[in-house]
There are 4 protein chains.
Amino acid sequence: MAYRVGVVGAAGYAGAELVRLLLAHPDFELTAITSNADVNVKLADVYPAFAGETDLVFTAHDDPVLESLDAVFLAVPHTAAMGMVPGLLSHGVSVFDLSADYRLDDPDVYEAWYATPHTSPDLLKTRAFGLPELYAEDLASARAQHVAGEPALIACAGCYPTATSLAAAPALRMGWCRAQSLIVVDAISGVTGAGKGCTSRTHFCSADESVEAYGVCKHRHTPEIEQILGARDRVIFTPHLAPLKRGLLSTVTLQLDEGAHALSTEDAVRAYEEFYATSPLVKVLPAGAMPSTSSVVGTCSCQIGLAVDKRTGVLVAMAAIDNLCKGAAGQAVQCANIVFGLDERRGLPLVGMPV
Amino acid sequence: MAYRVGVVGAAGYAGAELVRLLLAHPDFELTAITSNADVNVKLADVYPAFAGETDLVFTAHDDPVLESLDAVFLAVPHTAAMGMVPGLLSHGVSVFDLSADYRLDDPDVYEAWYATPHTSPDLLKTRAFGLPELYAEDLASARAQHVAGEPALIACAGCYPTATSLAAAPALRMGWCRAQSLIVVDAISGVTGAGKGCTSRTHFCSADESVEAYGVCKHRHTPEIEQILGARDRVIFTPHLAPLKRGLLSTVTLQLDEGAHALSTEDAVRAYEEFYATSPLVKVLPAGAMPSTSSVVGTCSCQIGLAVDKRTGVLVAMAAIDNLCKGAAGQAVQCANIVFGLDERRGLPLVGMPV
Amino acid sequence: MAYRVGVVGAAGYAGAELVRLLLAHPDFELTAITSNADVNVKLADVYPAFAGETDLVFTAHDDPVLESLDAVFLAVPHTAAMGMVPGLLSHGVSVFDLSADYRLDDPDVYEAWYATPHTSPDLLKTRAFGLPELYAEDLASARAQHVAGEPALIACAGCYPTATSLAAAPALRMGWCRAQSLIVVDAISGVTGAGKGCTSRTHFCSADESVEAYGVCKHRHTPEIEQILGARDRVIFTPHLAPLKRGLLSTVTLQLDEGAHALSTEDAVRAYEEFYATSPLVKVLPAGAMPSTSSVVGTCSCQIGLAVDKRTGVLVAMAAIDNLCKGAAGQAVQCANIVFGLDERRGLPLVGMPV
Amino acid sequence: MAYRVGVVGAAGYAGAELVRLLLAHPDFELTAITSNADVNVKLADVYPAFAGETDLVFTAHDDPVLESLDAVFLAVPHTAAMGMVPGLLSHGVSVFDLSADYRLDDPDVYEAWYATPHTSPDLLKTRAFGLPELYAEDLASARAQHVAGEPALIACAGCYPTATSLAAAPALRMGWCRAQSLIVVDAISGVTGAGKGCTSRTHFCSADESVEAYGVCKHRHTPEIEQILGARDRVIFTPHLAPLKRGLLSTVTLQLDEGAHALSTEDAVRAYEEFYATSPLVKVLPAGAMPSTSSVVGTCSCQIGLAVDKRTGVLVAMAAIDNLCKGAAGQAVQCANIVFGLDERRGLPLVGMPV
């Protein structure tokens, strides 16, 4: 039996990626795709990759069919998500929210970084945080809710927080890092990360053959990273844009505690392998290898590379993901797989194009 | 029951794409991958996209297991293929050859363009030409051979001939074109088309931000295109290299016969749709739309666009494919599907990444 | 003594390239740059390449200083140019118009392709066509006008017509081509050719890793090419977009006349070298070499490659230019050099970055 | 009067860029270009950007004419440079060395990182370090040597050290940074930085659409950065490769001292502007703006952006350069300008292509 699902905001990049994954998923039946700007337009007219393979047509965000579905994936901007979630839950629909609205535990932090008050702060206490490798209990609770016949709300992690945390969290949780030390996160994203909107930054002739940083010291993924890592006011996050469509590499520099100064790169790799032993989407590369984004494009895999520098006493931890897949749509589907009791890999591409 | 298959030349780009497709194929069991230059090397060390998802290791081209398989896919250069095919057939192994060795009907034409005599010209009479949309009978014969317990030899069409012929053949077969008129083929390929070898042409800093033609008036795909189109000495084929990894667009300019001067673009689209009604991999776009290569990257789909210019009396027919997939590995798997009695789409990606 | 010049429409890509060239030109003093959308904005804020090197600020298109200048370069859309040219000329200002408004000899052809009547058709009789290598007399007349104290109007050729004609015109003028035969022009342009406007086509994520044709059988440069080549209703022009910023390659397939069937590639190269002996911006490559766009990016050079195919009786002629430089701004400056009595190369970059 | 100069290793990327700059330089006469692998080959055959504009032909590295020149630019690998420098100096030829051989003050550090002993350690005491904005005295000494009729040896700074130090040195020299604190340098380079050699890393199909780190914790530019910044064993340097030809962005995260916690971004910008007031090649961007590599490609300019994060007490300082120009060939010419008493900008491109 297939679960009936819908995608709200299906014309954006993350939304279209959700459609790609859900159409190929053996256990989900994609029943509705919405886009207020494209009502009655055929999906294939907006994304010709679907030509000849589906007749899906966009409806509006208030399409009543949504309320009858098993699950809805929300790929709309922040605040827009907050406006729809309580209603969907009240109809018994589980929600996988790709926006930032329910990610931060503390509504005050949300208001400080998003410059708008939270309108359903109570839900922050019960939502699951959608980063299965690091929040297994959250997903287990959401699964239990579903089994009990209640809808679940999953706040899927952002793209930068996903890659950064998969790279850094094991080291922090294993107690390798100096207390109160700064955590420097320099990340590079492909241009899909900047969204479908045409701007002077996303114009081909601006983005091509160029790298630049943006949102320096004020990117909204900063408090989310700090929350996951338990490192309040310790993360410097500098995101960069590079001329590729998909792919995100996060390079995290962590200061090792005295107690961890004997750690070798090989030790670190072994410990990470153990940490992720039950996480089939994460691949820890052997010592000496570093991940490249092209190896994970189109997939829900995450590749991690590690290097210990004894000279300066740091661990450089790196993770590569596809920002639209493991960093957005794929992770949402992974969460849905778990909530609905399927193998977390179900329907997800894990091997990319070799070249 | 799965058919046991192998890939010879699996370290090249087409070979690695075969591995990607065959690993995901529900009815083929990939048993051997060979590369004389990489014996005992893990596939994932050469192509990190496979990291954590397979333990396949390269063996040598003379791996004896090949002789026990149901089918072997040959992704080796011309002449190398010719050296292995008779032996494999003699062991009852069906061969899907991606090289040029068995494509040309006439061994003299082969010798003229490839500057080497053909060593098994007899096989040219019985091999099937692997371009299912235009050579259904050939594939049916190969299927019959398999059913009769005999191995089949399929000479899979080249990348440029595939796109060019899917664009131009219907117009020619339907008698729209002026007798003896020239057929101008200008095609653009991504750099994977130039192969895995590092040369001054394939260096990133040469290929990036540049387009150029190569092999002008002497590319070896010319006689193959002429053979498929039945247009001896009438095809001018100019291939270009553009800065993309995968993707091939062929733009064919055909002179319409007086009898076809009333033809509209809409008429042409309708006729092509009918022509390809039973070819699920080919998508004829509506009048006004033109294919882009990014819509088919990673897939075995072909998108076709058409425009009739009454002013000059020509049809411009265009086809976009992924040169490594529909233009090589995917088409070989499509042929194998047919020979083994499966749906021709079986295991093949048909929807690409939307962005 | 420097000539005082201005650029109208300086915020567009061709306009900004004009600014780059004029700022570096020893004999022109760039006095005004206009952009109605950017009045009072600093040039360097729109194009950071100028940061720290100029304090130029945009004024409006009706900046009165324009009427006092020696020359104005118009880089505005068609019809906008037509609205400004008569006024500027009446103030004695020579105009180098990069728009299409004064390119076509026949106002009816203009109206047919641009869907708007021409408002100053008389000027079409006296304007010079700005393609110096092929219209030396036009430029000589404009020079004479300037010497006589009269303003000149130069309709600079479009990007595709420039490359296409430099490749094809010598063959046609030397009588090599079959009378009434079709001329097939397949050209590839970088994305700057699509302009600064952010559209779904110019978004990085649409243009990157993709090639596609556009304006098939209806691109407005078609009649301009036919006019230059003297080939009414004989040109099939199919432009393509490829993922590069700058660069344009035009591949022209010409059917040779019986009389020219003995022509070798070497003969063709020699004849072209002679044809362009006094054109220092055009470089005819030796037989066997083909131009790549990266070799001319950033320069006002044009590289030409030739191949004769005796088998089919055609000449494939190819030209590579930088669409913004030789195809737009650079050619306008080249024309201005001639009109003001300077060496035509004056101030123009002719050597690009080697890599 | 022009100074006669030569380029040794002119077929590599930095060498070819030197040729581009020197051919356009009004005061240098490029007399010899050498490449042992390309003896008697025309420059334009290796780099078609020079076609039609120069007849230069490669000679061998031991071309005797080198000994008669005013200056030689060495663009050969480390150790090869060391083998030529003493000989050239002994003939009175000033040497601008782009290799690493004379950069490190301490021959033991050289041996530790380059795994080979230094063969002329005495020269390390007298050579000038070629990073004019930070080593004005060194250049002044070299200038004095030249005036005194003695040859000078300039060890030009590496690409990563140049960008990194221009971003970070002012903050350190002005005493803003916490003593002994770590300095995290994450830098991104275009593929020309990996050199002209064709490798699996520089193949278009590897580098395109991908970012990855390399040489993590062991890149040889690390001790050079530490030397310039006076920060022994405090620099974590992680270089990344991105899919662009030219351009280098270095992002440096510096921990502010308690005393500097009141510093605002505006303060930092003002102080940097003052620091670089007499350095015309460095442009400090206003608060809020961050440099992009495309703004400096093809030029010898450096753009710097700054952001103070009071929350975490850090300064993020960023510099963008063209790795082949300000990061290699251009900086060498800048040094030569100074040594020969010319304006340091002489002959150097400072404005790039706007798009």
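Below, chain A is the first sequence line, B the second, and so on; all start at residue 1.
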Look up atom CE in Met353(C) and atom SG in Cys205(B), then write down how far apart they are to the nearest 0.5 Å.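 The distance works out to 12.0 Å.
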
Top residue by heavy-atom pair count (under 4.5 Å) with chain C, among [options]?
options                                    : answer
Thr251(B), Val235(B), Leu241(B), Val355(B) : Thr251(B)
Met318(B), His240(B), Lys245(B)            : His240(B)
Leu249(B), Val211(B), Val216(B)            : Val211(B)

Greatest number of heavy atom pairs closer than 4.5 Å to chain B - which of Gly247(C), Ser181(C), Ala242(C), Ala213(C): Ala213(C)

With chain B as the partner, which of Ala307(C), Ser206(C), Pro243(C) has the greatest number of non-hydrogen pairs under 4.5 Å?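 Option with the top pair count is Pro243(C).
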
Would you say the side-chain atoms of Ser294(B) pair up with the backbone N or O of Glu209(C), donor to acceptor, closer than 3.5 Å?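 Here the side-chain-to-backbone pair does not exist.
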
Is [X] close to chain C through its backbone or its side chain, or both, or neither, when contacts mean heavy atoms under 4.5 Å?
X         : result
Thr222(B) : side chain
Glu226(B) : side chain
Thr312(B) : both
Ala320(B) : neither
Pro291(B) : backbone
His203(B) : neither

Exceeds 12 heavy-atom contacts within 6.0 angstrom, atom CZ of Arg311(C):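 Yes, enclosed.
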
NZ of Lys310(B): more than 12 outside heavy atoms within 6.0 angstrom?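 For Lys310(B), atom NZ is crowded (more than 12 foreign heavy atoms under 6.0 Å).
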
Only one of Asp186(C), Asp309(C), Val184(C), Val316(C) forms a side chain to side chain contact (heavy atoms under 4.5 Å, CB included) with Thr238(B), so which one is it? Val316(C)

